[in-house]
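Let me begin by presenting the structure, written as structure tokens, before commenting on it.
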Amino acid sequence: MKKSIIFGMLFAVIMSFCLTGCKDSVNPPEILEAFFAKGVTEQDFFSDAQNKKITTLNLNDSEIQLVFHIRENDKHLRQIYISPYKDFSIYTYWKDLDFDNETNEFWSSYCKPNFAGMDPFYREQYIMNNGTIYLKVFDEDGNASTVYKITGITAHE
């Protein structure tokens with residue numbers, strides 16, 4: 001009888017460790033840095049991407065790039081959202097991205113906001129003087145980064 005109780009308690013302890021210790025830890029992506037730029041190439045990330053940074057956005061310019069430095073421990077970044085509102089009530093996004101990287105931290109500038117192609121109502125929401133554009137990213141499991149602020153933005157048509 002005592003052996004049954006001891007084995008039962010041991011089994012319960014082992015199961016509780018398995019059920020709590022075997023869960024994957026949630027590692028949401030982290031935005032380390034982000035800004036808008038023009039003319040950034042892959043080689044610039046190792047030299048002068050910061051020198052191509054812009055804070056004045058002409059919303060009719062199709063060459064504007066969103067440059068970002070991300071840490072994504074699971075290496076599966078899938079969506080990027082930018083918004084003129086911190087609640088993301090209006091936003092521009094890129095989805096179904098395939099950033100399966102060999103490293104968990106990387107730079108990219110492949111996302112170009114198409115402000116000129118937006119519905120005029122939504123494009124007008126981005127017009128600002130010394131304002132903030134908010135950015136967040138999601139991994140393939142739906143884990144969201146904290147909101148990153150790109151400040152000092154002046155945007156006009």
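By convention here, the first residue in the shown sequence is residue 1.
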Using a cut-off of 6.0 Å, state whether more than 12 heavy atoms not belonging to Lys112 lie near its atom NZ.
-> yes
Is the shortest heavy-atom distance from the side chain of Asn27 to the side chain of Asn143 under 4.5 Å?
-> no
Identify the heavy atoms of Asn130 and Thr154 that sit nearest to each other, and give their distance.
-> N-OG1, 3.2 Å
Hphob cluster co-occupancy, Leu97 + Leu32, side-chain heavy atoms under 4.5 angstrom = no
In terms of the angle between their ring planes, are Phe88 and Tyr81 parallel, tilted or perpendicular, with boundaries placed at 30° and 60°?
-> perpendicular
Rounded to the nearest 0.5 Å, how far apart are SG of Cys111 and OH of Tyr93?
-> 13.0 Å
Quick one: are Glu157 and Ile127 in side-chain contact, heavy atoms under 4.5 Å?
-> yes
Heavy atoms, side chains only, cut-off 4.5 Å: are Lys95 and Arg78 in contact?
-> no
Between Phe36 and Pro113, the two heavy atoms sitting closest are CE2-CG, 4.0 Å
Are Phe138 and Leu66 joined in one hydrophobic group, where the rule is that I, L, V, M, F, W and Y side chains link up if heavy atoms are under 4.5 Å apart?
-> no
Close side-chain approach of Ile133 and Met128, heavy atoms under 4.5 Å | yes
Non-hydrogen side-chain atoms of Glu33 and Val67 separated by less than 4.5 Å | no
The reported gap from CG in Asp61 to CG in Asn114 (rounded to nearest 0.5 angstrom) is 11.0 Å
Please step through side-chain contact (heavy atoms from CB on, under 4.5 Å) for the pair Thr56 and His156, ending with a clear verdict.
-> CA-CA 8 Å; Thr56 300; His156 61 86; 3.9 Å; yes
Same cluster or not: are Val147 and Ile82 linked, directly or through other Ile, Leu, Val, Met, Phe, Trp or Tyr residues, by side-chain heavy atoms under 4.5 angstrom apart?
-> no
Decide whether Tyr126 and Tyr134 are clustered together by the hydrophobic rule: side chain heavy atoms of Ile, Leu, Val, Met, Phe, Trp, Tyr closer than 4.5 Å, transitively.
-> no
Any Lys52 side-chain heavy atom under 4.5 Å of Lys38 side chain | no
Looking only at heavy atoms, the pair that brings Pro28 and Glu72 closest together is C-OE1, 4.2 Å
Does the Gln65 side chain pair with the main chain of Val40, one donor and one acceptor, at a distance under 3.5 Å?
-> yes
Thr132 side chain near Ile150 side chain, heavy-atom distance below 4.5 Å = no
Minimum heavy-atom distance Ser145-Ile31, with the two atoms named = OG-CD1, 3.5 Å
Considering all heavy atoms, the nearest Phe115-Leu57 contact | CE1-CD1, 4.4 Å
Short side-chain to backbone donor-acceptor contact, Arg123 and Gly117, under 3.5 Å = no
So do Phe68 and Ser108 actually touch side chain to side chain, heavy atoms under 4.5 Å?
-> yes
Quick one: CD on Gln79 to CH2 on Trp94, what's the gap to the nearest 0.5 Å?
-> 12.0 Å
Distance, nearest 0.5 Å, that separates CD of Gln125 from CG of Asp119 = 10.0 Å
Does Leu135 belong to the same Ile/Leu/Val/Met/Phe/Trp/Tyr cluster as Tyr91, with side-chain heavy atoms less than 4.5 Å apart forming each link?
-> no
Between Ser83 and Ser89, what is the shortest heavy-atom contact and its length?
-> OG-N, 4.5 Å
